[in-house]
Amino acid sequence: MSRNIPIADNVTVIPALSPTEIKERKYKQIRVAAYCRVSTDHEEQQNSYQVQIAYYTDLINSNPEWTLAGIFADEGISGTQTKNRTQFNKMIRKCKQKKIDLVLCKSISRFARNTIDCLEYIRELKLLGIGVMFEKENINTMTMNSEFIISLYGSFAQAESESISKNVTWGVEKSFKEGKVKYSLDKMLGFRSGEDGKPIIVEEEAETVRYIYKLYLDGLSLKRIARRLREECIKKWNGTTGPMSIKWTEKS
């Protein structure tokens, strides 16, 4: 026997959920995306790039509480600047469109090697209710009470990236001083690569190089030199002949 219980004016009655609504809420899957990045286009890094995509696709699909919201991967791009990372920016746009609930990333250094960018994006996503899980550091940004650890790891990653860049520059400068220079001679007029990797003069083409310098010293502009070479049907590095096929320009 039902009884009519009076309800106070300041009480709001919340209707009970239907069985269908309860089921939908219980089994609502978290839309999970993953971000992958490798810094160079070397073969071993390309393999790592493909491995990361396969790993996260399998990881997300194997969790019954998750549904795949996308794998976003930038290949051969530095992490110090986010503006050049097409897939990263695409992922952020989808987050703002509320199409992603959680982002997985291998490490903070994969997410960003610029501490300021890293923190700004983490804060922005957190305000949208979207967390970022960093596997290597075992960090979920939604459960953190402080940004100190993120700042610390981000600073380490940024310092590492800058150190690598300086080491590469130092290595190139050292090679130059020791006379070890990498030449790109495939399309260079007058030179070819010798057996020892050093340039050797191709005398037939060298005559053209000397001629070009002579014309320049005689006061001809680059445009006029190119026109003279075309008119005289002088061959380029690829051996093309005939006035229609020879396209000497001032940039040749």
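All residue numbers in this chain count up from 1 along the given sequence.
- Applying the salt bridge (charged side-chain N to carboxylate O under 4.0 Å, His left out) criterion to Glu120, with sequence neighbours excluded, gives no partner residue.
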### Message
Is there a salt bridge (charged side-chain N to carboxylate O under 4.0 Å, His left out) between Glu203 and Arg210? Walk through the geometry before answering.
### Response
CA-CA 10 Å; Glu203 195 58 40; Arg210 296 187 186 103; 2.9 Å; yes

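- The side-chain contact (heavy atoms from CB on, under 4.5 Å) test applied to Tyr213 returns Val209, not counting sequence neighbours.
- Not one N or O on the side chain of Tyr56 forms a donor-acceptor pair closer than 3.5 Å with the backbone of Phe72.
- For the atom pair CG of Leu222 and CG of Leu215, the computed distance is 11.0 Å after rounding to the nearest 0.5 Å.
- In this structure, Leu189 CG and Glu207 CD are separated by 11.0 Å, a value rounded to the nearest 0.5 Å.
- Annotation: side chain to side chain donor-acceptor pair (under 3.5 Å) contacts of Glu204 (sequence neighbours excluded): none.
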Can you give the donor-acceptor pairs under 3.5 Å from side chains of residues 59-66 to other protein atoms, not counting sequence neighbours?
| residue | atom | partner | partner atom | Å |
| --- | --- | --- | --- | --- |
| Asn61 | ND2 | Thr57 | O | 3.1 |
| Ser62 | OG | Asp58 | O | 3.0 |
| Ser62 | OG | Leu59 | O | 2.8 |
| Asn63 | OD1 | Glu65 | N | 2.9 |

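- Note: Leu125 CG to Ile92 CD1 = 4.5 Å, rounded to the nearest 0.5 Å.
- Not counting sequence neighbours, the partners of Val202 by the side-chain contact (heavy atoms from CB on, under 4.5 Å) test are Arg192, Glu205.
- With sequence neighbours excluded, no residue forms a side-chain contact (heavy atoms from CB on, under 4.5 Å) with Ala54.
- By the side chain to side chain donor-acceptor pair (under 3.5 Å) test, Tyr211 pairs with Arg228, Glu232, sequence neighbours left out.
- Sorted by first and then second residue, the pairs that involve residues 212-221 and meet salt bridge (charged side-chain N to carboxylate O under 4.0 Å, His left out), not counting sequence neighbours, are Lys214-Asp218.
- Residues in residues 89-100 take part in these salt bridge (charged side-chain N to carboxylate O under 4.0 Å, His left out) pairs, two or more places apart or across chains: Lys96-Glu124.
- Scanning for ring-ring contact (aromatic ring centres under 6.0 Å, His included) contacts around Tyr35 gives Phe88, with sequence neighbours left out.
- Shortest non-hydrogen contact noted between Ile100 and Ala33 is CD1-CB, 3.8 Å.
- Here CD1 of Ile30 is found 10.5 Å from OG1 of Thr67. Values are rounded to the nearest 0.5 Å.
- When the side-chain contact (heavy atoms from CB on, under 4.5 Å) test is applied to Ser107, the partners found at least two apart in sequence or on another chain are Ser109, Arg110, Lys136, Glu137.
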